[in-house]
Amino acid sequence: MIQQQTTQKVQETTKQIEDVNSTELIWDQLTSWYEAILRNLPNLAVAVVVLLIAYIISKFVNRGVQRLLKSKVEQQSVLRLIGRTAAIIVVIGGMFIALNVLDLNETVQAIIAGAGVSGLVIGLALQGTLSNTMSGIHLSFRKNVRIGDWVQTNGYEGEIVAIDLNKFILREADNNTVIIPNKMILENPLKNFGLTDTMRVIIHCGVGYESDLPTVEKIAKQAILDNFDQVNSIDEVEFFYREFADSSINFMLRFYYDITNGKKKLEVTSKAIMVIKKAFDENDINIPFPIRTLEFNNQLNLQQSSNKEA
């Protein structure tokens with residue numbers, strides 16, 4: 001019994017000593033931190049000032065970069081991205097300077113090493129997204145691809161509405177919106193109708209075999225010359241007979257006109273078809289259509305069979 005009491009007192013005494021040691025250790029650690037803060041207070045103040053200056057400079061850098069590239073990049077989203085990227089670089093530079101002022105070189109090296117590994121992992125995970133983003137930035141700097149141009153790419157044709165960071169937006173002639181990843185725009189051919197002010201209008205038609213072909217050519221060309229003010233002479237209208245078809249002799253007529261979008265091309269093509277049809281009607285030129293004639297040569301045999309059955 002006495003031995004148990006003695007053992008219990010020893011354990012309690014040991015615990016009190018451990019508690020005192022732990023408290024002293026914590027207090028000593030807090031004291032050392034406090035002294036370190038006081039000792040590095042000037043450096044800490046300098047580091048804070050460096051961060052504030054870097055933040056202020058980043059604001060001016062953001063605005064300056066956007067103003068500098070405003071004439072070269074039409075997309076506001078791309079301008080903001082480039083401006084913010086430049087501002088972030090300035091802030092990161094200020095952070096590294098502040099860490100060096102605080103004599104945290106090992107921390108700086110760890111951050112740089114970690115950033116390299118993290119950048120590799122993030123790059124692999126977001127490979128498709130980053131590819132579209134970089135393609136969007138590249139497209140924004142291309143002078144031959146502009147908002148408002150009429151283009152044909154990846155099986156679609158329409159007006160460029162926007163070039164965002166990750167997508168290329170077209171509005172087709174039927175007012176449908178097509179969204180294409182920027183990566184596909186760079187990897188596939190793109191036909192831009194808006195780079196030139198003129199476009200060739202092509203009309204395909206056919207006339208009957210009984211028609212006088214030189215007269216048909218002259219009437220078709222004169223119809224275009226009389227109704228389109230940008231066609232200055234009959235020689236500017238090209239006319240070619242192409243084939244002997246089943247019901248007609250087909251020809252192709254083409255001429256240049258000021259066209260910068262698909263809708264205008266449809267309007268000019270429609271007008272050309274109407275004036276050619278009117279000119280042919282006035283001169284009794286036939287535009288044939290396929291006709292199928294059915295002949296019943298066994299009509300007499302059918303009649304004889306009916307009489308026998310009667």
Side-chain angles (χ1 to χ4, degrees), residues 71-72 74 139 142-161 163 168-176 178 185 188-291:
S71 60
K72 298 181 180 180
E74 297 182 0
L139 287 171
R142 291 179 63 175
K143 296 182 179 180
N144 55 357
V145 180
R146 303 164 299 184
I147 294 176
D149 288 348
W150 191 271
V151 299
Q152 182 179 8
T153 179
N154 290 277
Y156 299 98
E157 182 177 343
E159 178 187 358
I160 301 176
V161 178
I163 305 174
F168 192 87
I169 304 176
L170 293 180
R171 180 181 291 118
E172 295 183 304
D174 54 4
N175 205 35
N176 287 328
V178 181
I185 301 298
N188 293 280
L190 184 144
K191 182 188 290 187
N192 192 341
F193 299 98
L195 296 180
T196 57
D197 296 331
T198 59
M199 191 180 299
R200 175 174 281 172
V201 180
I202 302 176
I203 306 297
H204 296 278
C205 188
V207 293
Y209 276 89
E210 74 282 0
S211 302
D212 183 66
L213 299 185
T215 302
V216 170
E217 178 180 355
K218 181 179 179 180
I219 292 174
K221 287 184 174 181
Q222 191 65 42
I224 298 299
L225 179 64
D226 294 341
N227 291 276
F228 292 90
D229 54 355
Q230 295 178 18
V231 180
N232 299 318
S233 69
I234 200 169
D235 294 331
E236 295 182 5
V237 183
E238 297 178 335
F239 188 100
F240 305 98
Y241 286 105
R242 302 193 64 184
E243 61 178 349
F244 292 98
D246 294 338
S247 306
S248 63
I249 300 177
N250 296 335
F251 67 85
M252 177 181 67
L253 181 146
R254 60 188 187 183
F255 60 95
Y256 284 98
Y257 206 77
D258 289 348
I259 300 172
T260 57
N261 58 66
K263 182 180 179 181
K264 182 67 175 178
K265 183 178 181 180
L266 292 174
E267 292 174 351
V268 175
T269 302
S270 177
K271 181 180 178 181
I273 291 174
M274 288 190 293
V275 299
I276 291 174
K277 175 66 166 57
K278 181 179 179 181
F280 283 179
D281 290 343
E282 291 175 353
N283 291 273
D284 295 327
I285 297 175
N286 178 36
I287 302 177
F289 53 89
I291 298 176

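Note that the CD1 atom of Ile249 and the CZ atom of Arg242 stand 14.5 Å from one another [nearest 0.5 Å]. Atom CD1 of Ile219 and atom CD1 of Ile276 lie 11.5 Å apart (nearest 0.5 Å). Residue Ile185 holds its CD1 atom at 9.0 Å from CD1 of Ile163, rounded to the nearest 0.5 Å. One distance of note links CD of Glu217 with CD of Glu238; it measures 11.0 Å at 0.5 Å rounding. Atom CG of residue Leu170 and atom CD of residue Gln152 lie 10.5 Å apart, to the nearest 0.5 angstrom.
A donor-acceptor pair is defined here as one N or O able to donate and one able to accept, closer than 3.5 Å; no such pair exists between the side chain of Thr198 and the backbone of Ile259. Side chain of Asp149 to main chain of Val151: no donor-acceptor pair is present (N/O by atom type, distance under 3.5 Å, no hydrogens or angles). The backbone N or O of Ala279 lies less than 3.5 Å from a partner atom in the side chain of Asn283, making a donor-acceptor pair.
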**OP:** List the steps and the verdict of side-chain contact (heavy atoms from CB on, under 4.5 Å) for Gln230 and Tyr257.
**Re:** CA-CA 6 Å; Gln230 295 178 18; Tyr257 206 77; 3.7 Å; yes

**OP:** Could you check Ile285 against Asp212 for side-chain contact (heavy atoms from CB on, under 4.5 Å), going step by step and ending with a plain yes or no?
**Re:** CA-CA 9 Å; Ile285 297 175; Asp212 183 66; over 6 Å; no

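Remark: Asp246 CG is loosely packed, at most 12 non-hydrogen atoms of other residues, nucleotides or ligands lying under 6.0 Å away. The number of heavy-atom neighbours closer than 6.0 Å to OH of Tyr241, taken from other residues, nucleotides and ligands shown, is above 12. Under a cut-off of 6.0 angstrom, the local environment of CZ in Phe244 is sparse, with at most 12 non-hydrogen atoms contributed by other residues, nucleotides or ligands.
Contact record, Ile160 with Ile147: O-CG2, 3.6 Å, taken as the closest heavy-atom pair. Residues Ile234 and Lys221 share a closest heavy-atom pair of CG1-CB, 3.5 Å. When all heavy atoms are compared, the tightest approach of Val207 to Phe251 is CG1-CE2, 4.0 Å. Nearest heavy atoms, Ser247 versus Pro288: O-CG, 3.1 Å. Minimum interatomic distance between Trp150 and Glu157 (heavy atoms only, all atoms of both residues): NE1-OE2, 2.9 Å. Between Arg171 and Val161, the closest heavy-atom pair is CB-CG2, 3.5 Å.
At least one side-chain heavy atom of Met252 sits under 4.5 Å from a side-chain heavy atom of Ile202. Side-chain contact between Val216 and Phe239 is present, with at least one heavy-atom pair separated by less than 4.5 Å. Taking 4.5 Å as the limit, some side-chain heavy atom of Ile287 sits within range of a side-chain heavy atom of Cys205. The closest side-chain heavy-atom distance from Phe168 to Val145 is below 4.5 Å. With contacts defined as side-chain heavy-atom distances shorter than 4.5 Å, the pair Gln222/Leu225 qualifies. Put simply, the side chain of Phe228 reaches to within 4.5 Å of the side chain of Val275, judged on heavy atoms.
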List the atom pairs, donor and acceptor, that lie under 3.5 Å between side-chain atoms in residues 264-271 and the rest of the protein, sequence neighbours left out.
residue, atom, partner, partner atom, Å
Thr269, OG1, Lys265, O, 2.8
Lys271, NZ, Asn227, O, 3.0

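For the residue pair Tyr209 / Asn286, no side-chain donor-acceptor distance below 3.5 Å is found, with atom types taken as modelled.
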